[in-house]
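Structure first, then comments.
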Number of protein chains: 2
Amino acid sequence: MTQKIEKLLKDQGVRPTAMRILIYKYLLEKNVAVALTDIENAFAKSDRTTLYRSVKTFEEKGIVHQIEDGTGIKKYALCEDGCNCEIDTDLHLHFHCSTCNETVCLTEHKIPHINLPTGYTAENVNLVVKGICDKCSSQQKTIR
Amino acid sequence: MTQKIEKLLKDQGVRPTAMRILIYKYLLEKNVAVALTDIENAFAKSDRTTLYRSVKTFEEKGIVHQIEDGTGIKKYALCEDGCNCEIDTDLHLHFHCSTCNETVCLTEHKIPHINLPTGYTAENVNLVVKGICDKCSSQQKTIR
DNA sequence: TGTTCTATGCAATGGAAGTGCATTTTGGAA
DNA sequence: TTCCAAAATGCACTTCCATTGCATAGAACA
Ligand SMILES: [Mn+2]
Ligand SMILES: [Mn+2]
Ligand SMILES: [Zn+2]
Ligand SMILES: [Zn+2]
């Protein structure tokens, strides 16, 4: 496991330090997008700045992508294999649940092509749907 | 003008105070989405809290809609006539220019219908395209 | 006029992003 | 193996914006 991650990080041009490996593992085991604060809370002995800069490096090297889910808090999630964060091919829908407050990548749901008025050039597209996630809606059923 | 605004506010259940009318006028003359700080700077003698609560009231009464353009700063813009901020009919694309840093409503560009996995329910959709706006790209041309 | 609800202003809080700088760690050259 | 330069880390701070509590002023209404 750790071996693989080390290799993966190296391949992306990121030095596999102890903390970075831990962060990567954490992102891997979470199946939702995480905030910096989440990572901070996951490790008792961690400095926010280090985490901040590690994640930033990950982002620059294409290891994670940043998600703006509308909460005002930046979230991060691992990129898919072979992802280049390219518009039309890699960018996908994100879903933010207003009940559990979790944000997930719906990697199967790519962003539809958007027509823009003349003169406008798209560099990036952010599509976030807010509502109730599957877990929360099935809990609702269970309750009643 | 002021008369119309007063009526409009009343019709939406908002008392047309002096400040609120000013804010409304300001939003009306700006053709871009504005941040609270923008409004604050537009009026020398204004209290941020009053502006904050006024805009919040506007939002609750369906007079403005909030825009999360990914900058982390909340923006606001007047709703169209007859807008109920309803998904599929009223929600539209927003464009954020990375050059001039302005965010505009592209009210003609409604949000395409999004298919979600089973169990997910959509309550709101946020679609933001980032890139270069028409003004900025035409300036580019002029320069070279 | 007096009462009550609403709007406003001021002060303060809180959360998160981001930066400067000193120190430690690391990887590679010698 | 030893040493050095570059990279990573940790701590202290700053900044920016959203948001709230509470006291006061203002408007509507009986
Ligand atoms: Mn994602
Ligand atoms: Mn809009
Ligand atoms: Zn949920
Ligand atoms: Zn522009």
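Keep in mind it's a predicted model, so treat the numbers as computed, not measured.
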Would you find a donor on one side and an acceptor on the other, under 3.5 Å apart, between the side chain of B/T121 and the backbone of A/G131?
-> no
Do the side chains of B/L127 and B/P112 get nearer than 4.5 Å, heavy atoms only?
-> yes
Provide the start and end nucleotides, 5' to 3', of the part of DNA chain D that has atoms under 4.0 Å from heavy atoms of chain A.
-> D/dA7 to D/dA12
Between A/L28 and A/I67, is there a shared hydrophobic cluster once you connect ILVMFWY residues whose side-chain heavy atoms come closer than 4.5 Å?
-> no
Quick check: does any side chain N or O of B/R20 sit under 3.5 Å from a backbone N or O of B/R15, one acting as donor and the other as acceptor?
-> yes
Does one hydrophobic cluster hold both A/Y76 and A/I39, with members joined at side-chain heavy-atom distances below 4.5 Å?
-> yes
List in numerical order all residues of residues 38-65 of chain B for which some heavy atom is under 4.0 Å away from an atom belonging to DNA chain C.
-> B/D47, B/T49, B/T50, B/R53, B/S54
How far does CG of A/N126 sit from CD of A/Q66, to the nearest 0.5 angstrom?
-> 9.5 Å
Under 3.5 Å, side chain of B/D38 to main-chain N/O of B/A35, donor-acceptor pair present?
-> yes
Please name the residue in the list B/K56, B/K75, B/R48 that meets the side chain to side chain contact (heavy atoms under 4.5 Å, CB included) test with B/L36.
-> B/R48
Any side-chain heavy-atom pair from A/I87 and A/E123 closer than 4.5 angstrom?
-> no
Using a heavy-atom distance cut-off of less than 4.0 Å, which residues of residues 9-33 of chain B contact DNA chain C?
-> B/R15, B/T17, B/M19, B/R20
A/E86: what forms a side-chain contact (heavy atoms from CB on, under 4.5 Å) with it, not counting sequence neighbours?
-> A/N84, A/T89, A/D90
Answer yes or no: is there a side-chain heavy-atom contact under 4.5 Å between B/L22 and B/Y26?
-> no
Decide whether A/I132 and B/Y120 are clustered together by the hydrophobic rule: side chain heavy atoms of Ile, Leu, Val, Met, Phe, Trp, Tyr closer than 4.5 Å, transitively.
-> no
Using five pairs at either end of the helix from C/dT1-D/dA30 to C/dA30-D/dT1, determine the angle between the two local helix axes and round it to 10 degrees.
-> 10°
Short question: side chain of B/H94, backbone of B/E68 - any donor-acceptor pair under 3.5 Å?
-> no
Taking 4.0 angstrom as the limit, do B/E59 and B/K74 come out as a salt bridge?
-> no
Is it the case that one hydrophobic cluster holds both B/V128 and B/F95, taking links as side-chain heavy atoms less than 4.5 Å apart, direct or via other members?
-> no
Of the residues in residues 72-79 of chain A, which ones touch DNA chain C at a heavy-atom distance under 4.0 Å?
-> A/I73, A/K74
